[in-house]
Amino acid sequence: MKKLSMKQTIIYLIVLVFMWGVNWPLTKLALAYTPPILFAGMRTLIGGGILIIFALPKYNTLRLKENWHIYLISSLFNIILYYGLQTIGLNYMPAGLFSAIVFLQPVLLGLFSWIWLGETMFGMKIIGLILGSIGVFTLSATGFNGSNSSFLGILLALGTAVCWSLGIVFMKKTNEQVDAIWTISIQLIIGGLFLIGSGSVFEKWSEIIWNVPFISYLLVISIFVIAIGWLIYFKLISSGEVSRVGSYTFLIPLVSILTSTLFLDEDITLNLLMGLMLIVISILLVNYNNNPKINSEKDKVRLRRAM
């Protein structure tokens with residue numbers, strides 16, 4: 001995939017951080033009108049359907065017979081488990097707190113990228129991972145104090161982070177074998193159908209309130225958060241080092257907490273602020289590299305690719 005310029009990267013990151021930041025309070029608002037699993041399925045299926053329109057002209061790059069297992073595994077981690085656990089979990093705790101725990105993901109992404117993608121690991125990264133774990137524990141302590149939070153919600157948030165991290169590493173590892181837009185489209189379609197099927201068994205369609213607010217939330221999330229958001233994120237991941245790109249998403253829970261405070265009247269507690277501060281520091285450390293030898297080698301690789 002073509003390397004992004006610095007200007008393009010910054011623009012994409014700003015758009016992504018805003019869209020994925022407001023996703024959490026928007027989803028929380030939408031859940032007042034719908035069962036969680038059915039909603040997770042609807043928004044991912046609509047998002048996938050939108051992207052299919054843009055993928056069809058590149059039908060020859062689908063290669064379903066060769067790549068079906070890649071689409072299936074990617075869908076399992078990035079859609080079925082990620083959105084399924086996320087949507088259910090938001091019923092058990094405030095959106096800002098839930099998103100803050102989920103966005104331990106960049107730290108996990110740094111660890112998994114070192115294990116499976118061969119990205120560099122050094123002392124600062126190890127310290128960062130430890131601080132990140134302490135930050136999550138501090139955030140979780142808030143959940144036990146509030147009446148709207150639960151231990152189950154914390155576990156679901158952590159599970160969401162782990163599944164998303166594994167899914168992104170898998171996508172990066174296989175991105176040379178598949179076309180980006182087909183990967184995202186197919187995983188959304190598969191995941192959406194599975195979630196809708198599961199929701200149809202365990203939930204009731206009659207419980208959905210088809211009013212203007214719900215339809216508005218559904219369309220905004222499906223189009224901007226799901227379809228456009230995933231395209232931008234995969235483009236960023238494919239054009240750069242996974243753990244480095246992932247580190248910038250620490251701004252997403254800050255946007256989520258700010259918008260949740262403004263529109264959902266959620267509280268900002270001392271534990272929440274301390275936990276967020278530790279996670280931000282941990283992510284910065286995970287992505288800090290003062291090893292000139294490593295930097296020099298990276299520069300040589302970039303130079304060879306440019307020639």
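Put simply, the side chain of Asn23 never gets that close to the backbone of Met19: no donor and acceptor are under 3.5 Å apart. A distance-only check finds a donor-acceptor pair linking the side chain of Ser5 to the backbone of Gln8 [under 3.5 Å]. Under a 3.5 Å cut-off, the side chain of Lys28 and the backbone N or O of Met93 do form a donor-acceptor pair. Between the side chain of Thr44 and the backbone N or O of Gly41, at least one donor-acceptor pair lies under 3.5 Å. Side chain of Gln105 to main chain of Trp164: no donor-acceptor pair is present (N/O by atom type, distance under 3.5 Å, no hydrogens or angles). No donor-acceptor pair closer than 3.5 Å links the side chain of Ser75 to the backbone N or O of Tyr71.
With contacts defined as side-chain heavy-atom distances shorter than 4.5 Å, the pair Ile196/Ser200 qualifies. At least one side-chain heavy atom of Asn78 sits less than 4.5 Å from a side-chain heavy atom of Met171. Side-chain contact between Ile189 and Leu45: present, with at least one pair of heavy atoms (C-beta onward) separated by less than 4.5 Å. Side-chain contact check for Leu109 versus Lys172: every heavy-atom pair is 4.5 Å or farther apart. Here the side chains of Ile70 and Phe170 are in contact, with some heavy-atom distance below 4.5 Å. Between Gln187 and Phe77 the shortest side-chain heavy-atom distance does not fall below 4.5 Å. Looking at Thr34 and Trp205, their side chains never come closer than 4.5 Å, going by heavy atoms from C-beta outward. Residues Ile101 and Ile154 meet the side-chain proximity criterion, which asks for heavy atoms closer than 4.5 Å.
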### Task
I would like to know whether Leu62 and Asp179 meet side chain to side chain contact (heavy atoms under 4.5 Å, CB included); could you show each step before the answer?
CA-CA 7 Å; Leu62 174 60; Asp179 179 76; over 6 Å; no
### Residue pair Val162, Leu158: steps toward the side chain to side chain contact (heavy atoms under 4.5 Å, CB included) verdict
CA-CA 6 Å; Val162 171; Leu158 289 172; 5.6 Å; no
#### Entry: side chain to side chain contact (heavy atoms under 4.5 Å, CB included) evaluation trace for Leu156 with Phe98
CA-CA 9 Å; Leu156 288 169; Phe98 191 90; 4.3 Å; yes
### Task
Decide yes or no on side chain to side chain contact (heavy atoms under 4.5 Å, CB included) for Tyr83 and Arg43, but give the supporting numbers first.
CA-CA 10 Å; Tyr83 283 112; Arg43 62 179 181 167; 3.1 Å; yes
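Within 6.0 Å of CZ in Phe112 there are more than 12 heavy atoms belonging to other residues, nucleotides or ligands. No more than 12 heavy atoms of other residues, nucleotides or ligands lie within 6.0 Å of CH2 in Trp68, so this atom counts as exposed by the packing criterion.
Remark: Tyr33 engages no residue in a ring-ring contact (aromatic ring centres under 6.0 Å, His included) (not counting sequence neighbours).
Distance check, rounded to the nearest 0.5 Å: CD1 of Ile228 to CG of Leu51 gives 8.5 Å. Leu31 CG to Leu26 CG: the interatomic distance, rounded to the nearest 0.5 Å, is 11.0 Å.
Closest non-hydrogen pair, His69 versus Glu66, comes out as CE1-O, 3.1 Å. Pro36 approaches Thr87 most closely through the heavy-atom pair O-CG2, 3.0 Å. The two atoms that bring Ile79 and Gly191 nearest to each other are CG2-CA, 3.5 Å, heavy atoms only. Scanning all heavy atoms of the two residues, the minimum distance from Ile80 to Leu195 falls at O-CD2, 3.8 Å. A pairwise comparison of heavy atoms in Thr259 and Pro25 identifies OG1-CG, 3.2 Å as the closest pair. Taking all atoms of both residues into account, the shortest heavy-atom contact from Ser222 to Ile46 is CB-CG2, 3.6 Å.
Ring geometry, Phe214 versus Phe39: the interplanar angle falls from 30° to 60°, so the pair is classed tilted. Taking the six-membered ring for Trp and thresholds of 30 and 60 degrees, Trp230 and Tyr233 have ring planes more than 60 degrees apart, a perpendicular arrangement.
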